[in-house]
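Note on naming: letters A, B, ... go to the chains in the order of the sequence lines (proteins, then strands), and numbering restarts at 1 for each one.
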Amino acid sequence: MSILHILQGKTIESLGALYERSFTENDFQVNQTKPEFEGDYTIVLFSLVKSLKLSPDAIGNQLGEHLTKNNPELFTGFNIIKGFLNLAVANEYWLDLLQKNYNDICFGKQAMNGKKVMVEYSSPNTNKPLHLGHLRNNFLGWSVAEILKANGYEVFKSCIVNDRGIHICKSMIAWKMFANGATPQSTHTKGDHLVGEYYVKFNDEYKRQVKELVDKGVVEAEAEKQAPIMLATQQMLQDWEAGKPEVMELWKKMNGWVYQGFDVTYKNIGSDFDKTYYESNTYLLGRKTVEEGLAKGVFVKDADGSVWIDLTNDGLDRKIVQRKDGTSVYITQDIGLAQQKYEEYKINQSIYVIGDEQNYHMKVLKLIAEKLKLPNAENIYHLSYGMVELPSGKMKSREGTVVDADDMVDEMIATAKQHTEELGKVKDFTAAELGSLYRTIGMGAMKFYLLRVDPKKKMIFNPEESIDFHGFTGPFVQYTYARIKSILRKEQLKEGITMEAGLLKLEKEILVTLEQYPSIILQAAKELNPSVIANYVFHVAKVFNSFYAEHSIANAESETKKQLRLQLAIMVSNVLKSGMHLLGTEVPERM
RNA sequence: GGUCCGGUAGCUCAGUUGGAUAGAGCAUCAGCCUUCUAAGCUGAGGGUCAUUGGUUCGAAUCCAAUCCGGAUCACCA
């Protein structure tokens with residue numbers, strides 16, 4: 001329970017005693033006091049004026065009087081300015097907070113609550129390597145899972161691999177046509193990149209063939225259907241569905257290359273999964289759903305045999321759920337999988353980390369689940385995030401502007417190396433230490449960069465300006481942590497020393513900030529928003545840095561002051577480490 | 001066209017259950033390393049919170065209209 005909540009409770013108490021009616025926390029507002037005014041927390045009095053028929057100053061005086069008189073151990077004074085009641089919180093409260101929590105590495109986290117959540121994220125296609133957009137997805141998913149764990153949920157991370165379908169056949173056809181049997185080994189290329197090359201080659205060749213046909217006088221729409229490479233791809237998809245051995249063999253071989261490549265990338269960026277689903281195994285799940293839907297009268301069958309759901313009454317469209325040839329479409333498979341997840345893990349909530357271009361799809365998914373009265377329907381939640389765009393607009397593979405995930409990682413680590421060398425810090429470390437330090441800093445910078453903005457909003461990434469290492473960044477926070485650790489290696493904390501009662505402004509500011517960590521973790525989970533953590537962790541580091549520049553810990557004014565500051569530093573380092581962990585980011589002991 | 005999302009400093013973003021003079025970072029400028037790591041600290045300049053109207057003690061925040069940008073509306077996934 002934070003001082004803010006305590007103050008709310010005490011205010012309700014005091015108001016009740018003063019005016020002999022009951023009040024709730026909605027009757028007034030409590031904020032942190034603005035720095036230009038005296039006090040720590042502020043009660044806004046205007047909303048009470050009407051119902052009490054008293055002036056703001058009169059209410060403020062009576063309330064301030066009552067609060068300080070009845071809770072001297074909490075509130076030591078007050079002032080009223082233009083309808084705002086500013087209260088000063090007793091130093092003892094802050095010192096007590098420090099004593100109790102400075103060494104608790106679990107500070108801010110909740111005990112297990114018995115609820116289970118699944119977070120589905122990453123979910124790649126096996127026809128091309130991961131790019132910057134996937135990185136945002138991966139970091140978000142991992143971080144949200146961690147934030148939920150910190151709030152007491154049991155979390156399962158899952159991934160659905162889109163490993164079948166026409167787009168997969170495209171790279172297979174192109175490989176057959178152009179690769180001459182090239183393999184990752186023979187070309188020294190990462191498997192996912194190799195397969196991605198042939199996906200690009202498919203599109204080039206396809207475009208060429210369409211143009212050829214158009215030049216011969218074929219209408220463009222017709223040419224797109226008739227292009228031989230497209231016909232061959234469609235044939236391959238049919239062969240795949242029929243289980244034709246040579247197609248299956250090629251499919252397994254090429255997917256195997258991609259998985260090897262993904263494994264490397266996932267390991268690099270720290271993504272992991274408790275359960276991986278493969279669409280090649282789940283794409284038939286929808287059939288049962290369709291049968292159920294028809295039986296319940298939620299779906300209708302058209303004359304040609306295709307099955308539909310009418311969502312026009314819900315403001316949406318009529319959606320197909322099964323093709324006339326009896327195969328299921330994407331949405332139906334997803335419903336089947338949603339059901340399977342629920343049955344397998346008995347989850348209370350199912351979170352899908354998917355880009356906002358699928359908002360409509362996910363809305364339909366949830367709506368159909370509701371109409372089918374599936375038990376998990378209301379637990380489906382789409383964590384929708386915006387695209388990562390370039391200053392010139394969307395990334396386009398056609399124009400070669402796609403920022404590759406592996407390249408990005410390498411570049412960040414290289415930048416970390418360059419910065420460290422420029423600062424002349426290299427001599428303090430062994431080669432092995434440097435390797436892991438560059439990785440920690442580079443990945444920290446990148447993850448922080450992609451997580452510090454609200455997931456809902458699209459974000460712009462400028463490849464010209466490399467990701468910053470100063471200011472509101474991961475390395476800034478890491479650096480603050482490393483400096484604290486450096487002090488803690490030199491100075492010993494002594495047990496049993498009586499704390500000094502006085503608190504300097506900056507010392508108190510640190511404590512006020514640290515106290516908010518539990519509610520920040522709560523808010524981040526409620527909003528499923530890691531940027532809340534990023535903003536907070538940065539704020540903590542900033543406040544500590546201001547203190548650090550102003551006051552010395554090792555050479556404090558007195559021994560008791562030194563011990564107090566050591567405890568403060570320890571608590572700050574714990575919160576920084578904990579918060580950065582929620583963002584999937586490590587903190588270095590030295591940098 | 002329907003639906004949804006967004007528009008805050010030169011740039012990238014916070015702030016939106018209505019509260020005091022709208023905040024950070026980057027960039028620009030001026031300072032601070034013989035004292036715990038300067039990847040740091042202190043300060044300055046920089047704003048019609050897209051526009052207009054409304055609601056009220058009070059609006060970046062709520063409502064309405066308009067303008068601009070984006071996503072989506074496949075027998076693709």
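Side-chain atoms of Q234(A) and Q238(A) form no donor-acceptor pair, as typed in the model, at a separation below 3.5 Å.
RNA chain B forms stems at B:1-7 with B:67-73, B:10-13 with B:23-26, B:28-32 with B:40-44, B:50-54 with B:62-66, each a run of 3 or more consecutive Watson-Crick or G-U wobble pairs whose two key distances fall under 3.5 Å.
I441(A) comes within contact range of at least one nucleobase, with a heavy-atom separation under 4.0 Å. Nucleic acid contact class of D454(A) (heavy atoms, under 4.0 Å, all strands): sugar-phosphate only. Using a 4.0 Å heavy-atom criterion, one finds that S486(A) contacts the bases of the nucleic acid, with or without backbone contacts as well. When heavy atoms are screened at a 4.0 angstrom cut-off, Y479(A) is found touching base atoms of the nucleic acid. If you check every strand for non-hydrogen atoms under 4.0 Å, T420(A) touches a base. If you check every strand for non-hydrogen atoms under 4.0 Å, H382(A) touches nothing.
Nucleotides G10(B) and C5(B) place their C1' atoms 26 Å apart, quoted to the nearest Å. Nucleotides A44(B) and G58(B) are separated by 32 Å at their P atoms, to the nearest Å. Comparing C29(B) with C4(B), their P atoms sit 47 Å apart, to the nearest whole Å.
Legend: residues meeting side-chain hydrogen bond (donor to acceptor under 3.5 Å, both in side chains) with R483(A), ordered by chain and number and at least two apart, are N545(A).
Within 3.5 Å, a donor on the side chain of K425(A) pairs with an acceptor on the base of A39(B), or the reverse.
Contact check of residues 532-540 of chain A against RNA chain B (heavy atom, cut-off under 4.0 Å) returns N535(A), F538(A).
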